[in-house]
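What follows is a short report on a single structure.
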Amino acid sequence: MQLQDTLSNKEQTLDISKKIKIYLCGVTVYDESHIGHARTIIIFDVLRKYLESKKVEVEFIQNFTDVDDKIINRATTENVSAQEISDKYIKSYFKDFDELNIMRATNYPKATEHIGDIIKFIEKLIDKEIAYVSKNGVYFSVSKFPQYGKLSKKKIDELQSGSRIQIDETKKDPLDFALWKYSGINPTWESPWGKGRPGWHIECSAMSIKYLGENFDIHGGGRDLIFPHHENEIAQSESHTGNQFAKIWMHVGMVTLGGEKMSKSLGNTKSIKYVLENWGPNIIRLFCLSGHYSKVIDYSEEILKENFSKWRQVETCYFELIHANNKNQENISEKIKKIGMKFDKSLENDFNTHLALSSFFELVKETNRLAAEEKLGEENSVIIKKEFQRILKILGLNIPEMSIDEKQKIDELISNREKFRDEKQFVQADKIREKLNEMNIELIDHKEKTIWMKKEKIKSEK
RNA sequence: GGUACUCUGGCAGAACGGUUAUGCGUGAGCCUGCAAAGCUUAUACAAGGGGGUUCGACUCCCUCGGGUACCUCCA
C-alpha cells in the first residue's frame, strides 16, 4: 500500500504483510467535537477497517489530551474541576463517534494518566542536555535538534524572525517549547523540578512510544497539527530515542465552511451532534470520504444533500438485493470481481477514497440496472451482496436491520395493497402506500413484484 | 513576508504523457393506474492566464495570477 508521507513528501510503501501500528492525535477535550474532527477520525477508521478486511492486524492508539489551558479555563468559568470538564467531553466524544460507527481504538491513553511516563521522558532529555530547567518550567532546546523544521519544511531562522509570540525571557531561545510548566492552578503534579503540569506535545511522544515503540508505522492527525505539534513531537522523540520516530506521517485536510477553516477559535463549527441529527451517520461518512483525504473539503447543506442522493441509491441497491428473485440472469461475477479489485486498488494508492467510492457506485448502478431490467436473480444477488457488504463494512456504512415482525407486517400491507390494485381500487391502495410511507417504508413497483425499502430517517431531507 | 497545498464541466471531484472518470444537478424517454424509486439516454468551451518541452499535455518545466492552510489555540 502506498501512502503520501508528509516528512519525505513522497509516497512511501506501507508493508501490510505484517502488523501495523498507528497513532492518531485525538482531541483536546474541552468542547463538543465538530465535523472537522469527524473527518480525520473517519479517514483513519476506514483505513483501519480496510486493513483489517485484509486480515492485517492493526494496533490503533488514539490519545485524549486532557490537560490543557483551555480545559482549565473552561473549568474555571463553569466553576468545576478540570477533570469534570474532560470527563464530560470524553463521554460526549464517545457518544458522537459511536453513532458515527467508528471502531473503538485499541487504547485511548490520557495525558493525566501518564504523568509518570512523561516525567521520565523529560528526565532523559535533561540528562542528555537537550532540555533545560528555567524559571518557568522545563524547556526543549530546539538548537539541540538540528533537523528541527524537517516535517513542516520550516527553517529555524525564518521561524525566529517571523515569530509572533511574545518573547519569554526565561527561555534560551524563543523557539524552545515547554515540556513542563510550573503552575499552582490545578490540576498539578509533583515533579523533580517543581509542581506543575506537562506542556502540550510531550504527552503524545511519551504515550506513542510507550504503546507502540520507538518506531511505528503511521502517525496521523489533521494538517493543522504539522506545526508545531508534530514537529515538536519529532524533536522530542528522536532526541529521546536516537531513532527515527514514525515511518509515515499522514495528515488529513481541513473541513472548511464557506471556504474558511472550521475551528473552535473562529466559532464557525458544525458540531457532530448537529450534523448527525440532520443527516445521520451514513451521509456524514460519505461526505467525509468524498474527497482525497489530504485535501480540503467544504461543508455545505447542498453538498450533504448531494450525498443524501447517493445514499438513497445505496439503500435502493440493498433492498433490491434482498428481494432479488428474477428468473433471468446475466453472468456478472467477472464484472463484480473487477469492481472489487478496483476498489481495493484505489485505496492502496494513497488511500483514494473518492476513487474507491466511484467503484462502489458502479456496483450499485449495475445492481439497480439489473433490478430495473428484471434480471436480478438469487444467484446474482448472492455474488453482489457479498461484495456490497464487504465494501459497506470497510466504509463503515450501515443499513439498519429490521425485525421479522416488522417485515411481516409490511408484507401483509403490501399484499393488501396488491389486492386493491388488482381490483383497481386505487384510492384504497394509495392509502396503504401512504400508511407505509409514514412508517418510512417506501414501495418500489416493479413489473413482476412490489418491493419495499426502509428509508433512513433524514431530518434535512425535503 | 516565509513555507506548503491548491486552481478540472452548473456543482462536487478523480485518474492518466495520447482513450468515457464517477457522482449530483438538468433535459428527454422507459417503467407505473398514478406516483416514487430506479433504469436508459442526452447535456457540459472541462482544465486560472501566458509561455515552453513533446509527434502529442489536464498531466512535465518556467512564469504570472487567484484561493486556502500553517508560521507556537487548533483534527
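The structure presented is a predicted model; accordingly, all values stated were derived computationally and were not measured. Within every chain, numbering begins at 1; the chains are lettered A, B, ... in the order of the sequence lines, protein sequences first and strands thereafter.
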Q | Contact letters for nucleotides 35-41 of chain B, in which S counts primed atoms plus P, OP1 and OP2 and B counts the base, heavy atoms under 4.0 Å | A | BBBSSS-
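Below 30°, between 30° and 60°, or above 60°: for A:Y23 and A:F216 the angle between ring planes is between 30° and 60°, a tilted geometry. Taking the six-membered ring where the residue is Trp, A:W249 and A:F245 present tilted rings, their angle falling between 30° and 60°. Between A:F287 and A:Y299, the ring planes lie perpendicular to each other; the angle is over 60°, past the 30° to 60° tilted range.
Minimum atom distance to the side chain of A:F361 is reached by B:G23, of the listed B:A12, B:G23, B:A21. Closest approach to the A:H354 side chain among B:G33, B:A21, B:U72 is made by B:A21 (side chain taken as heavy atoms from C-beta onward). Of all nucleotides listed (B:U72, B:A75, B:U32), B:U32 comes nearest to the side chain of A:K447.
Comparing the same atom, C1', in B:A15 and in B:A57 gives a spacing of 14 Å after rounding to whole Å. The separation of B:G18 from B:C60, taken at their P atoms, amounts to 12 Å, rounded to a whole angstrom. The same atom, P, is picked in B:U41 and in B:U8; the two are 28 Å apart, to the nearest Å. Separation of the C1' atoms belonging to B:U63 and B:A14 is 27 Å when rounded to the nearest angstrom. Distance noted for atom P between B:G49 and B:C11: 15 Å (whole Å). Rounded to the nearest Å, the gap between the C1' atom of B:G25 and that of B:A12 is 10 Å. For the C1' atoms, the distance linking B:C61 with B:G29 amounts to 49 Å, nearest Å. Taking the P atoms as reference points, B:G50 lies 31 Å from B:G23, given to the whole Å.
If you check every strand for non-hydrogen atoms under 4.0 Å, A:N352 touches sugar and phosphate atoms only. Using a 4.0 Å heavy-atom distance criterion, A:G221 is classed as a sugar-phosphate-only contact. Residue-level contact check: A:F227 touches the backbone only, with heavy atoms under 4.0 Å from sugar-phosphate atoms and none from bases. Residue-level contact check: A:T6 touches neither bases nor backbone, having no heavy atom under 4.0 Å from any strand. Across all strands, A:N9 comes closer than 4.0 Å only to sugar-phosphate atoms, never to a base (heavy-atom distances). The residue A:I303 sits close only to the backbone: its heavy atoms come under 4.0 Å of sugar-phosphate atoms, none of a base. If you check every strand for non-hydrogen atoms under 4.0 Å, A:H292 touches sugar and phosphate atoms only. A:V252 comes within 4.0 angstrom of nothing in the nucleic acid, heavy atoms only. Nucleic acid contact for A:K310: sugar-phosphate only, since backbone atoms but no base atoms lie under 4.0 Å from a heavy atom of the residue. Counting any heavy atom pair closer than 4.0 Å across all strands shown, A:G253 reaches a base atom.
Atom P of nucleotide B:A69 and atom CD of A:E260 are separated by 6 Å, given to the nearest angstrom. When the C1' atom of B:C16 is taken as reference, atom CG of A:D350 falls 16 Å away, rounded to whole Å. Note: CG (A:L355) to P (B:A12) measures 19 Å, nearest angstrom. Summarising the geometry, the separation between NZ on A:K155 and C1' on B:U3 is reported as 8 Å, rounded to the nearest angstrom.
Under 4.0 Å is where a charged nitrogen must lie from a carboxylate oxygen, and between A:E302 and A:K305 no such pair does.
Phosphate contact (OP1/OP2 of B:A12, side-chain N/O of A:K305, threshold under 4.0 Å): absent. The phosphate of B:C34 has neither OP1 nor OP2 within less than 4.0 Å of any side-chain N or O from A:K424.
Nucleotide B:G27 forms a pair with B:U41, judged by Watson-Crick or G-U wobble geometry with both contacts under 3.5 Å. B:U22 and B:A12 make up a base pair, with Watson-Crick or G-U wobble contacts both under 3.5 Å. Base pairing analysis places B:G65 opposite B:C7; the two distances defining the Watson-Crick or G-U wobble pair are each below 3.5 Å. Partner assigned to B:U32 is none, using Watson-Crick or G-U wobble distances below 3.5 angstrom. Look at B:G1: its Watson-Crick or wobble partner, with both distances under 3.5 angstrom, is B:C71.
At least one test fails for A:K88 against the ring of A:Y93: distance under 6.0 Å to the centre or angle within 45° of the axis.
Proximity of a side-chain donor or acceptor of A:K270 to a complementary backbone N or O of A:M262 within less than 3.5 Å is not detected. Between the side chain of A:R285 and the backbone N or O of A:L100, at least one donor-acceptor pair lies under 3.5 Å. In this structure a side-chain-to-backbone donor-acceptor pair under 3.5 Å is missing from A:K181 to A:R197.
A:Q83 CD: 12 or fewer foreign heavy atoms inside a 6.0 Å radius.
With values rounded to the nearest 0.5 angstrom, A:D5 atom CG is found 6.0 Å from A:I248 atom CD1.
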